[in-house]
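Everything below concerns the one structure shown next.
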Amino acid sequence: QSSDGIHPTKDYIQVRTALYSTKLPQDAGIIGLLRWKTDPGKIEEYLESLRRYDSIGDSKVSGKQHEIMIFLTDILDALFGILNDSSLKKFDEAVLLTLSSLIQIVGNERFKQFQGVLEEYINLHFSQTLAAVRLLQLINTRIETKERPRSVRSKDIEMKGRYMVVRSLKYLFKFIVRSQKLYKTLGDSDPATYFAHDISFETLVDGFFCSIQRLLNEKGQSLTAHAAVFQNLPATLDELVHVIAPDVLAQERLWIFLNK
């Protein structure tokens with residue numbers, strides 16, 4: 001108490017801190033995925049844990065997304081390592097959805113600085129010569145769903161997965177085109193033989209446009225679905241012209257799309 005009888009006031013400040021390591025992840029899902037070879041039976045669990053954070057939410061979700069971005073290149077190495085392992089094909093669809101989920105996070109305004117990291121990874125570090133064929137097969141299958149959902153919930157999950165893939169087409173095709181360019185430059189075993197599918201890259205590209213067309217023609221599709229397709233389809237063409245002659249792409253592939 002002061003001499004004049006007035007009690008002095010006290011100000012308080014509360015500080016919250018978050019600790020991130022650029023060497024060691026703290027999230028159990030990230031740790032498990034980066035060590036997927038030691039426990040391949042839990043790969044599905046690790047992939048699903050990462051997909052939980054594909055949209056901006058509260059501070060906890062944002063913190064997890066930031067950690068995912070910090071280890072983005074390591075996670076990508078793990079995803080393509082799993083995809084390239086022919087004994088783990090049962091996880092391929094989960095890998096595609098997780099890759100699409102990562103792309104959605106990178107595309108968010110909050111994490112736009114990591115777009116350069118993703119671009120650099122694709123152009124300088126990505127080296128999977130056989131990924132183009134497998135990714136195209138998975139994308140086509142995911143977009144063109146033929147089974148009737150067993151419940152409303154399963155339909156919601158299915159549609160989320162389909163449109164997440166559609167919204168991720170720009171970077172998915174960057175991976176595809178980079179892989180195909182590496183395949184043409186470096187050579188490798190025939191990817192059609194490797195994956196036991198007698199389908200060429202060009203045939204799969206044709207199939208992609210057919211799958212998109214069928215998606216647009218599905219009954220009950222909303223304008224949002226159509227908008228997602230037309231917002232993201234041009235980016236695939238920008239990439240494909242690097243591996244398919246523009247006149248061939250326009251006359252043959254787009255002709256299939258426009259006339260189905």
Side-chain angles (χ1 to χ4, degrees), residues 33-34 36-37 40 43-44 46-48 50-51 72-104 106 118 121-123 125-147 158 161-212 214-215 232-233 235-237 239-240 242-244 249 253:
L33 183 60
L34 298 187
W36 62 271
K37 290 183 179 180
I43 288 176
E44 181 78 42
Y46 299 143
L47 295 174
E48 184 178 352
L50 261 66
R51 296 198 300 274
L72 179 61
T73 58
D74 296 309
I75 293 172
L76 291 171
D77 282 342
L79 292 180
F80 284 103
I82 296 169
L83 190 67
N84 196 49
D85 191 326
S86 58
S87 68
L88 300 174
K89 290 182 64 175
K90 63 181 179 180
F91 301 119
D92 283 359
E93 183 179 0
V95 168
L96 172 66
L97 294 178
T98 305
L99 180 58
S100 299
S101 176
L102 293 179
I103 292 171
Q104 291 303 296
V106 172
L118 181 56
Y121 178 86
I122 295 172
N123 295 326
H125 304 292
F126 180 63
S127 59
Q128 298 288 346
T129 58
L130 301 174
V133 167
R134 194 67 191 123
L135 282 176
L136 273 171
Q137 290 172 326
L138 291 168
I139 291 170
N140 293 352
T141 300
R142 191 60 186 175
I143 290 176
E144 188 176 349
T145 303
K146 297 181 179 179
E147 294 183 2
E158 173 201 350
R162 293 175 78 185
Y163 295 134
M164 182 164 62
V165 170
V166 170
R167 290 194 299 269
S168 305
L169 286 176
K170 174 182 176 180
Y171 282 106
L172 288 175
F173 268 81
K174 283 182 180 289
F175 279 111
I176 288 169
V177 168
R178 177 61 178 164
S179 174
Q180 183 66 5
K181 290 171 71 175
L182 288 171
Y183 171 73
K184 288 185 174 181
T185 301
L186 303 176
D188 210 323
S189 59
D190 181 12
T193 302
Y194 181 87
F195 290 109
H197 290 286
D198 188 21
I199 305 176
S200 68
F201 175 80
E202 290 75 13
T203 300
L204 287 168
V205 171
D206 293 345
F208 165 74
F209 287 116
C210 291
S211 297
I212 289 291
R214 293 190 187 100
L215 175 62
N232 294 278
L233 189 61
T236 70
L237 302 178
E239 297 303 322
L240 285 172
H242 296 294
V243 288
I244 299 177
L249 186 62
R253 272 78 209 186

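Given the structure is predicted, the values throughout are model-derived calculations rather than measurements.
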- Message: Under a 3.5 Å distance rule, please check whether N140 uses its side chain to pair with a backbone N or O of L204 as donor and acceptor.
- Response: yes
- Message: Contact between H125 and T73 at the side-chain level, heavy atoms closer than 4.5 Å - yes or no?
- Response: no
- Task: With rounding to the nearest 0.5 Å, note down the distance linking CZ in F175 to CD in E239.
- Result: 11.5 Å
- Task: Rounded to the nearest 0.5 Å, what's the gap from CD1 on I43 to CD on E48? Could you check?
- Result: 14.0 Å
- Message: Under a plain distance cut-off of 3.5 Å, with no hydrogens placed, do R51 and S101 share a side-chain donor-acceptor pair?
- Response: no
- Run the numbers on F91 and D85 for side chain to side chain contact (heavy atoms under 4.5 Å, CB included), then give the verdict. CA-CA 10 Å; F91 301 119; D85 191 326; over 6 Å; no
- Task: Go through the steps for Y121 and L72 under the test side chain to side chain contact (heavy atoms under 4.5 Å, CB included), then give the verdict.
- Result: CA-CA 9 Å; Y121 178 86; L72 179 61; over 6 Å; no
- Message: Are F173 and L136 packed together at the side-chain level, in the sense that at least one heavy-atom pair is separated by less than 4.5 angstrom?
- Response: yes
- What pair of heavy atoms forms the shortest contact from R142 to V165, and how long is it? CG-CG2, 3.9 Å
- Item | Sub-4.5 Å side-chain heavy-atom contact between T236 and K170 | no
- Message: Can you give me the closest heavy-atom contact between N84 and Q128, atom names plus distance?
- Response: CG-OE1, 3.3 Å
- Do you know the tightest heavy-atom contact between M164 and S168? O-OG, 2.7 Å
- Task: Verify side chain to side chain contact (heavy atoms under 4.5 Å, CB included) between T203 and F208, making sure each step is shown before the conclusion.
- Result: CA-CA 9 Å; T203 300; F208 165 74; over 6 Å; no
- What is the distance from atom CG of L99 to atom CD1 of I139, rounded to the nearest 0.5 Å? 8.5 Å
- Task: Quick one: do I176 and V205 satisfy side chain to side chain contact (heavy atoms under 4.5 Å, CB included)? Show the steps, please.
- Result: CA-CA 10 Å; I176 288 169; V205 171; over 6 Å; no
- Calculate, to the nearest 0.5 Å, the distance between atoms CG and CG belonging to L79 and L97 respectively. 11.0 Å
- Message: Using every non-hydrogen atom in the two residues, find where L33 and A78 come nearest and quote the distance to one decimal.
- Response: O-CB, 3.7 Å
- Query: CD/E93 to CD/E44 distance, rounded to the nearest 0.5 angstrom?
  - Reply: 9.0 Å
- Task: Measure the shortest side-chain to side-chain distance between K181 and V243 over non-hydrogen atoms and say whether it is less than 4.5 angstrom.
- Result: yes
- Query: Any side-chain heavy atom of L130 sitting closer than 4.5 Å to one from F80?
  - Reply: no
- Message: Working to the nearest 0.5 angstrom, can you tell me the gap between L96 CG and L83 CG?
- Response: 8.5 Å
- Task: Ignoring hydrogens and angles, tell me if any N or O in the side chain of K37 forms a donor-acceptor pair with the backbone of G81 under 3.5 Å.
- Result: no
- Could I get the full list of side chain to side chain contact (heavy atoms under 4.5 Å, CB included) partners for S179, not counting sequence neighbours? F126, A131, A132
- Message: Using the ring centroid of each side chain, check whether F201 and Y183 are separated by less than 6.0 Å.
- Response: no
- Task: Return yes if some donor-acceptor pair links the side-chain N/O of T141 with the main-chain N/O of L138 below 3.5 Å, else return no.
- Result: no
